[in-house]
Q: 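Have a look at this one before I ask anything.
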Amino acid sequence: MPFARIPRSAKFPSMPAPSHWLVKQEPGKYSWEQFLRDKATVWDGVRNYQARNNLRAMEKGDAVLFYRSVVEPAVVGLCRVTREAYADPSAAEGDWSAVDLAPVETFPQAVALSAVKTVKALSQIALLRQSRLSVMPLSALEFKTLLKLGGLPR
DNA sequence: GCCAACGTTGGC
DNA sequence: GCCAACGTTGGC
């Protein structure tokens with residue numbers, strides 16, 4: 001049974017639609033390099049309600065930054081939503097969702113977590129404030145700041 | 001390997 | 001509904 005999509009207006013009543021996100025993954029589970037080789041992937045396996053709700057708020061074409069956790073933690077690349085949330089094929093039970101993502105570009109310079117911590121424009125970023133959340137929205141400023149630090153000025 | 005943060009589970 | 005126990009995440 002399809003879930004009800006969470007409209008952005010309901011989730012972020014006072015803010016413009018967020019179209020920027022960040023997803024986290026351990027390289028031992030799924031690396032950016034593998035993602036580049038695959039050219040597309042199913043972002044499944046999320047088992048946290050807040051992260052799931054963020055997946056459900058993604059829209060096709062949204063920009064997503066890829067954060068590598070655990071091993072040399074850093075934001076390493078830019079990708080994009082190619083399919084909006086659908087039932088997670090990896091979930092045997094429960095109400096979980098997946099989206100499809102495709103890589104766009106590797107950051108010429110990975111943005112280390114230690115660097116993120118020193119930047120004033122990133123002081124409120126969910127990555128720092130909710131360290132265990134694996135799918136999170138980014139403000140337009142946070143997104144722009146990370147792109148610039150990564151060597152992809154727009 | 002350690003440990004803090006935090007989400008989930010289950011007893012009451 | 002509370003809260004202790006437990007499991008997981010993830011930085012260091």
Side-chain angles (χ1 to χ4, degrees), chain A residues 1-8 10-13 15 18 20-38 40-58 62-81 84-139 141-152:
Chain A
M1 185 176 299
F3 56 84
R5 239 181 135 269
I6 298 170
R8 284 180 173 167
K11 192 161 167 43
F12 305 97
M15 294 169 70
H20 310 102
W21 308 91
L22 181 145
V23 297
K24 238 194 246 188
Q25 189 54 279
E26 301 181 30
K29 294 189 176 163
Y30 191 71
S31 69
W32 173 256
E33 291 72 21
Q34 185 61 49
F35 188 23
L36 286 177
R37 286 191 289 272
D38 292 344
T41 198
V42 177
W43 207 261
D44 61 6
V46 169
R47 297 293 182 270
N48 167 282
Y49 292 112
Q50 197 180 349
R52 180 203 67 182
N53 291 345
N54 288 332
L55 286 179
R56 289 181 180 182
M58 289 182 179
D62 281 358
V64 182
L65 297 182
F66 188 109
Y67 175 80
R68 175 183 64 213
S69 65
V70 180
V71 182
E72 296 180 65
V75 183
V76 296
L78 171 66
C79 53
R80 204 163 284 290
V81 177
E84 293 177 7
Y86 55 97
D88 184 336
S90 75
E93 58 178 40
D95 185 18
W96 302 110
S97 295
V99 297
D100 289 355
L101 300 177
V104 174
E105 206 167 349
T106 302
F107 276 10
Q109 188 162 324
V111 183
L113 178 63
S114 58
V116 171
K117 288 178 178 173
T118 67
V119 179
K120 196 167 183 185
L122 300 176
S123 63
Q124 300 301 307
I125 195 170
L127 185 66
L128 300 180
R129 297 176 76 85
Q130 282 178 269
S131 64
R132 294 183 56 190
L133 185 62
S134 67
V135 182
M136 65 193 78
L138 296 175
S139 72
L141 175 63
E142 289 162 351
F143 176 73
K144 187 178 151 188
T145 302
L146 284 168
L147 268 197
K148 192 170 183 181
L149 290 169
L152 292 180

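Proteins get letters first, then strands, A, B, ... in listed order; numbering begins at 1 in each. Please read these numbers as outputs of a predicted model, since none were measured by experiment.
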Q: Step by step, would you call A:Q124 with A:E142 a side-chain hydrogen bond (donor to acceptor under 3.5 Å, both in side chains)?
A: CA-CA 9 Å; A:Q124 300 301 307; A:E142 289 162 351; over 6 Å; no
Q: In chain order, what residues pass the side chain to side chain donor-acceptor pair (under 3.5 Å) check against A:Y49, with sequence neighbours excluded?
A: none
Q: Report the C-alpha distance between A:S134 and A:R52 in whole Å, list the side-chain angles of each, state the deciding distance to 0.1 Å, and finish with yes or no for side-chain contact (heavy atoms from CB on, under 4.5 Å).
A: CA-CA 9 Å; A:S134 67; A:R52 180 203 67 182; over 6 Å; no
Q: State whether the number of non-hydrogen atoms from other residues, nucleotides or ligands found under 6.0 Å of A:Q34 atom CD is greater than 12.
A: yes
Q: To the nearest angstrom, how far is A:Y67 atom OH from C:dT9 atom C1'?
A: 11 Å
Q: If I take atom CZ in residue A:R68 and atom C1' in nucleotide C:dG10, what distance separates them, rounded to the nearest angstrom?
A: 14 Å
Q: How close or far is atom P of C:dG11 from atom CG of A:L133, stated in whole angstroms?
A: 13 Å
Q: What does the list of N/O pairs under 3.5 Å between the protein and nucleotides 5-7 of chain B look like, with a distance for each?
A:
unit_1, atom_1, unit_2, atom_2, d
B:dA5, N3, A:R132, NH1, 3.4
B:dC6, O4', A:R132, NH1, 3.3
B:dC6, O2, A:R132, NH1, 2.0

Q: Can you tell which of A:V111, A:L141, A:L127, A:L149 makes a side-chain contact (heavy atoms from CB on, under 4.5 Å) with A:L122?
A: A:L149
Q: Would you list the atom pairs, donor with acceptor, under 3.5 Å between side chains in residues 69-81 of chain A and any protein atom, with sequence neighbours excluded?
A:
unit_1, atom_1, unit_2, atom_2, d
A:R80, NH1, A:G61, O, 2.7

Q: Rounded to the nearest angstrom, tell me the gap between atom CG in A:D95 and atom P in B:dT8.
A: 14 Å
Q: Find the distance A:L113:CG to C:dT9:P and express it as a whole number of Å.
A: 18 Å
Q: OP1, OP2 of C:dG10 versus side-chain N and O of A:K29: anything below 4.0 Å?
A: no
Q: Below the 4.0 Å mark, does C:dG10 have OP1 or OP2 next to a side-chain nitrogen or oxygen of A:K24?
A: yes
